[in-house]
Amino acid sequence: MIESSDFRNARIPLSHGAGQMPALGFGTLFADGATTLSATRGALEAGFRHFDCAERYRNEREVGQALEEGLAAGGMAREDIFVTTKLWNTNHRPERVEPAFDASLERLRLNYLDLYLSHTPFAFQPGDEQDPRDQNGNVIYDDGVTLLDTWRAMESLVDHGKCRAIGLSDIGLNELLGLYESARIKPAVVQVESHPYLPETELLEFCKEKGVVFLAFAPLGHGMRPGPLEDPVILAIAARVGKTPAQVLLAWAVQRGTALLTTSKTAARARENFNISALPEDALEEINRIETRQRLNEVVKTGSPGFIPQGR
Ligand SMILES: NC(=O)c1ccc[n+]([C@@H]2O[C@H](COP(=O)([O-])OP(=O)(O)OC[C@H]3O[C@@H](n4cnc5c(N)ncnc54)[C@H](OP(=O)(O)O)[C@@H]3O)[C@@H](O)[C@H]2O)c1
């Protein structure tokens, strides 16, 4: 639980003594490598120490380059940064998990990961084509492997010291319950879309009860307008407390007990998003009373990511 009212250095403990996750995470889903490099540099300079990556984003090399430069510049050690990447759907077969992990690690220029997530619970046809489709344009799924099979292979990465913690992304409560019961190493983190239009309260309650970190992606509603950034309640609170709408949304996320992943191409916004602090209690309650409901990313229903730029 976060105790400080200054969230910039807030850290949330992971289960099984797997370290601590900085509550403020920076996402690295960008359209191209050059943007990834400059944005990751900007985020490090702003103070972010938690970076969320994925083999599917096809830019782990550029994230790795920016992190390596940041570490080489001094003032920061590997233990000071928290790096996550994700296993893609085409690598769910157990024999593909460790090679996929090793390839990500090599691209990121790291020798261990803080967190490895299954990107979605959906297994796609194994192979090098990340978006396998049939002649009608439908995704080709793989029914020869279960999520538990994949999870067992991820558990052995922890056993061998290759990553500190493992978790799941884009999963609903029902599916999480099944896996949670069967897992030898319980998921330390669940990464899902969450903002005031999609609070996922039931899932959050389960996570709090079990000590699983709830990691919210799209806390700014993916920057979509209209969306949470332009919600009249958020705008009114921002004006009242002297913060920007983005700072209000991010503070709300941390104060309700979640970690978050925000992102920006620009260094100025990375600084704005890192410099957040606690909102008064009545502001939190007003945000909790917002009734608009909207899911922005359908990935949780199909395994096909909704925010990946076309052509990647
Ligand atoms: N597990 C999954 O399936 C999954 C799915 C989606 C995302 N993610 C992860 O979550 C990360 C964040 O997701 P997200 O992009 O949806 O996050 P977000 O922070 O909700 O939205 C980012 C968008 O908001 C804009 N923005 C950033 N700061 C702003 C500010 N202060 N004021 C106004 N607009 C601002 C950005 O535009 P500019 O860049 O132009 O500033 C960008 O378009 C991703 O990078 C990825 O790592 C995971």
Side-chain angles (χ1 to χ4, degrees), residues 14 18 21 25 27-29 50-61 63-64 82-132 139-172 175-176 178-180 182-193 212-213 215 217 261 297 299-308 312:
L14 299 176
M21 171 188 278
T28 65
L29 174 51
H50 167 181
F51 294 88
D52 179 76
C53 316
E55 56 172 311
R56 183 65 183 89
Y57 301 164
R58 302 196 196 188
N59 61 359
E60 290 173 309
R61 284 189 198 288
V63 178
F82 186 102
V83 185
T84 303
T85 199
K86 311 187 196 84
L87 177 79
W88 183 237
N89 302 353
T90 47
N91 288 321
H92 274 214
R93 295 256 169 167
E95 67 277 12
R96 295 180 70 87
V97 171
E98 188 168 0
F101 177 96
D102 288 342
S104 282
L105 207 58
E106 190 263 327
R107 287 188 292 265
L108 287 165
R109 308 184 192 195
L110 299 173
N111 56 20
Y112 72 89
L113 276 180
D114 297 276
L115 175 65
Y116 198 46
L117 301 175
S118 76
H119 200 141
T120 87
F122 297 87
F124 288 3
Q125 172 181 274
D128 294 335
E129 172 53 58
Q130 291 188 321
D131 189 23
V139 171
I140 308 173
Y141 291 95
D142 178 8
D143 57 13
V145 59
T146 67
L147 186 58
L148 186 58
D149 296 334
T150 307
W151 187 256
R152 297 272 186 245
M154 292 170 68
E155 287 175 331
S156 79
L157 297 173
V158 178
D159 292 338
H160 295 119
K162 293 188 147 201
C163 60
R164 302 245 159 112
I166 48 177
L168 300 155
S169 138
D170 297 320
I171 194 155
E175 208 161 7
L176 172 62
L179 189 103
Y180 191 90
S182 311
R184 176 172 58 84
I185 300 177
K186 306 297 181 195
V189 175
V190 171
Q191 182 185 132
V192 291
E193 177 183 341
V212 178
V213 175
L215 178 55
F217 76 72
L261 295 172
N297 194 326
V299 58
V300 72
K301 295 183 182 162
T302 62
S304 287
F307 296 165
I308 301 241
R312 275 179 81 86

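Hydrogens, waters and symmetry mates are skipped; everything else that's a heavy atom, side chains included, is used.
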>> Can you list everything that forms a ring-ring contact (aromatic ring centres under 6.0 Å, His included) with Y112? Sequence neighbours excluded, please.
In response: none
>> If you define the side chain from C-beta out and look only at heavy atoms, does anything of L14 sit under 4.5 Å from R164?
In response: no
> Hey, what do you get for NZ (K301) to CG (D170), rounding to the nearest 0.5 Å?
Replying inline: 12.5 Å
>> Could you check whether any side-chain heavy atom of V300 comes within less than 4.5 Å of a side-chain heavy atom of V192, counting everything from C-beta outward?
In response: no
> Roughly how far, to the nearest 0.5 Å, is the CZ atom of F124 from the OG1 atom of T90?
Replying inline: 8.5 Å
> Between E55, E60, K86, which is the residue that forms a side-chain hydrogen bond (donor to acceptor under 3.5 Å, both in side chains) with S104?
Replying inline: E60
> Does D102 reach the side chain of K162, with side-chain heavy atoms less than 4.5 Å apart?
Replying inline: yes
> Taking only residues two or more places apart in sequence or in another chain, which ones pass ring-ring contact (aromatic ring centres under 6.0 Å, His included) with F51?
Replying inline: none
> Can you find a heavy atom in the side chain of Y180 that is under 4.5 Å from one in the side chain of V212?
Replying inline: yes
>> Quick check against the 3.5 Å criterion: does Y116 have a side-chain atom that pairs as donor or acceptor with the backbone of V158?
In response: no
> Quick one: CZ on F307 to CG on N297, what's the gap to the nearest 0.5 Å?
Replying inline: 4.0 Å
> Hey, what do you get for CG (L157) to CD1 (I185), rounding to the nearest 0.5 Å?
Replying inline: 9.5 Å
> For the residue pair R152 and R184, what are the closest heavy atoms and their distance?
Replying inline: NH1-N, 3.7 Å
> Are any of the side-chain heavy atoms of P121 and L168 separated by less than 4.5 Å?
Replying inline: no
>> Contact between T84 and L261 at the side-chain level, heavy atoms closer than 4.5 Å - yes or no?
In response: no
>> As an exercise, state the distance from CG of D131 to CD of E129, rounded to the nearest 0.5 Å.
In response: 6.0 Å
>> Would the distance check show the side chain of N91 and the main-chain N or O of R96 forming a donor-acceptor pair, the cut-off being under 3.5 Å?
In response: no
> Which atoms form the tightest heavy-atom contact between H92 and T120, and what is the distance?
Replying inline: CE1-O, 3.2 Å
> Of the non-hydrogen atoms in W151 and G167, which two are nearest, and what is the gap between them?
Replying inline: CZ3-O, 3.5 Å
> Are any of the side-chain heavy atoms of M21 and V189 separated by less than 4.5 Å?
Replying inline: yes
> S156 and D159: side-chain donor and acceptor closer than 3.5 Å?
Replying inline: no
> Got a donor-acceptor contact below 3.5 angstrom from the Q125 side chain to the P132 backbone?
Replying inline: no
> Can any side-chain N or O of T28 pair as donor or acceptor with the backbone N or O of D52 at less than 3.5 Å?
Replying inline: yes
